[in-house]
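Convention: sequence-line order gives letters A, B, ...; per-chain numbering from 1. Just so it is clear, the structure is predicted and the values come from calculations on it, not from any experiment.
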Amino acid sequence: MTQPYSTLALAEPLKRAVAEMGYENMTPIQEQAIPVVLAGQDVMGAAQTGTGKTAAFSLPLLQRLLKHETASVSPARHPVRALVLLPTRELADQVAGQVKQYAKYTNLRSAVVFGGMDMKPQVEELRKGVEVLVATPGRLLDHIEAKTAVLNQVEYVVLDEADRMLDIGFLPDLQRILNYLPKQRTTLLFSATFSPEIKRLAASYLQDPVLIEVARPNTTASTVEQHFYLLDDDDKRSAIRQVLKDKELRQAFVFCNSKLGCARLARALERDGLRTTALHGDKSQDERLKSLEAFKQGEVDLLVATDVAARGLDIKDVPAVFNYDVPFNPEDYVHRIGRTGRAGASGLAVTLVTKGDQRLMGELEKLLKTKIEVEHLQFENERPSGRQNDGRRRWQGDETGDARDDVRRQRAERRTSDRPRPAAAPADPFFDKPYEASPAAEQAPAAWETQARPGRSSVSANIKPKRKVAALFKAPQETPSAAD
DNA sequence: AAAAAAT
């Protein structure tokens, strides 16, 4: 049982904001991290998203900023005193929104800067002065070079999703930014995993960090029912439709490995009559934010995304996650399925596996420290293959591709090639539905109820799992539940 | 075999 916020020595404006947001008790990460940050110590924290991580650093950070007002600064030029760095624009946007809420009744100002948006409004805001700056690395460097962001008075820096920010390509930017900051500062680092690389980063940028760990990293939530289906590429879409229907799913995340694959799949599912939107880096930032919002509001049932959406996005109650592709990085599997089964709710994770995924499955087994049983989905119209199959077998990736697969692949490629969509789509009750404000999700039909467009043959949905198999494996260790 | 983040 965790303590209520009222036990914390927080300033009245902060307490008021917390109360207004309806929070009473702290989450475990908050209970552990807040006192440490209030004491001004560095933190190295491991916590899955959805555990209240943002409040865990925002509240004590704002408290410290309130308590130690910087002396003799002209009100017109507030220096940036706290910097929060995130690996995706959507996350930056989300965290900035939360910080604004917590700081609502204080005179502390905050701003967010990330790429894909006009520089000008950001420059304007920075010029007016902000104490808390939330940013993605690339755009922040732009502002640093343009001298619109001056970071020589930063007292606190937060590196969220730090493992992601260590990726090749991110790391140099991150290091450049950190080099602009005063050495005398408090650094808070949050990461899903404590890999050797993370530890190295921590060693060079943190001073005597307090280690906080509320959920074992590299394990998956025990409330998520996980399935792996072995399929041909051609059957992946049908499998999604079938599972949506079988489980009567209202909404789902669908993850793809590539931006192009993401765009194509979203278009195909939409043609199948499912209310779908896509989220990936080839879309404009405006479109990205709109897609996310449409999914949150329940205006669409399926969000087809790259790993840009795998981490941290706070979307309530997504009942299921599909991995249309087995993720390249096994850790991303954990992040992806972390979109479901949050805060103790039950969730479903379905991963579609093809013969080519042998190596990735091996890596996933290694990370999860378990043998993964792969289920076989059989089409009703499938010809008996003669192959013995008990519907459940240990992953071996034993088959080698045969000529038929190549034909299928070519066919699939032709079908999904960038053919322009017909200009005038036939009338469709779901697509033509007038814009509905939230809570549209309540009235909207479940994803599986949406019909294929008239005149279009729907993909065959008559596949049936040969045999239902319960959760195939369990996380090696029980993880404490996210919420109190 | 990729994605993300600057344009």
Side-chain angles (χ1 to χ4, degrees), chain A residues 83-96 112-120 122-123 133-149 159-178 180 191-192 233 236 253-266 278-289 291-292 303-313 323-336 339 352-364 397 401 405 409 412-413:
Chain A
L83 177 65
V84 183
L85 291 173
L86 298 127
T88 71
R89 299 166 181 177
E90 282 75 14
L91 266 181
D93 199 35
Q94 176 181 301
V95 168
V112 59
V113 300
F114 52 81
M117 308 284 275
D118 259 9
M119 277 292 262
K120 272 186 198 160
Q122 297 179 358
V123 170
L133 181 58
V134 182
T136 50
R139 179 55 67 91
L140 179 62
L141 278 170
D142 274 358
H143 282 290
I144 292 174
E145 274 151 25
K147 307 257 190 252
T148 46
L159 307 176
D160 204 356
E161 306 290 346
D163 47 343
R164 174 59 109 218
M165 296 216 276
L166 280 177
D167 286 1
I168 324 251
F170 252 135
L171 188 56
D173 280 358
L174 188 63
Q175 287 173 325
R176 279 178 63 203
I177 291 168
L178 291 172
Y180 279 106
S191 174
D233 268 316
K236 284 182 168 184
F253 253 104
V254 183
F255 284 104
C256 292
N257 282 356
S258 76
K259 292 181 281 193
L260 187 59
C262 200
R264 284 175 174 169
L265 177 62
L279 175 53
H280 57 77
D282 273 351
K283 292 189 121 188
S284 73
Q285 194 51 37
D286 197 45
E287 288 174 312
R288 282 167 62 164
L289 295 170
S291 285
L292 192 58
L303 181 64
V304 183
T306 58
D307 282 319
V308 68
R311 287 156 184 259
L313 294 184
N323 292 310
Y324 189 81
D325 299 314
V326 181
F328 285 123
N329 300 321
E331 317 87 64
D332 282 332
Y333 175 82
V334 181
H335 286 291
R336 287 177 177 188
R339 308 290 87 220
L352 307 183
V353 184
T354 61
K355 287 173 191 170
D357 295 326
Q358 185 180 358
R359 198 177 61 76
L360 295 175
M361 290 300 286
E363 284 178 18
L364 189 54
D405 290 300
R409 206 171 305 123
E413 245 147 45

What does A:Gly115 touch in the nucleic acid at a heavy-atom separation under 4.0 angstrom: a base, only the sugar-phosphate, or nothing? sugar-phosphate
For A:Arg288, salt bridge (charged side-chain N to carboxylate O under 4.0 Å, His left out) partners two or more places apart: A:Glu90
The side chain to side chain donor-acceptor pair (under 3.5 Å) partners of A:Glu363 (sequence neighbours excluded) come to A:Arg359
When all nucleic acid strands are considered with a 4.0 Å heavy-atom cut-off, which category describes A:Asp142: base, sugar-phosphate, or nothing? base
Apply side chain to side chain donor-acceptor pair (under 3.5 Å) to A:Thr136 and list each qualifying residue two or more places apart in sequence or on a separate chain. none
By side-chain contact (heavy atoms from CB on, under 4.5 Å) - contacts of A:Asp286 (at least two apart): A:Ser284, A:Lys290
Taking any atom under 4.0 angstrom from a heavy atom of chain A, which nucleotides of DNA chain B are the first and last to qualify, 5' to 3'? B:dA1 to B:dT7
Interatomic distance, CG@A:Leu141 vs CZ@A:Arg176, rounded to 0.5 Å, equals 4.5 Å
Report the residues that fulfil salt bridge (charged side-chain N to carboxylate O under 4.0 Å, His left out) with A:Lys283, sequence neighbours left out, ordered by chain and then residue number. none
If you look at every strand shown and take non-hydrogen atoms under 4.0 Å, does A:Asp332 touch a base, only sugar-phosphate, or nothing? nothing
Just checking A:Gly116: base, sugar-phosphate only, or nothing, at a heavy-atom cut-off of under 4.0 Å? sugar-phosphate
Base, sugar-phosphate alone, or nothing: which one does A:Leu360 contact when heavy atoms must sit under 4.0 Å apart? base
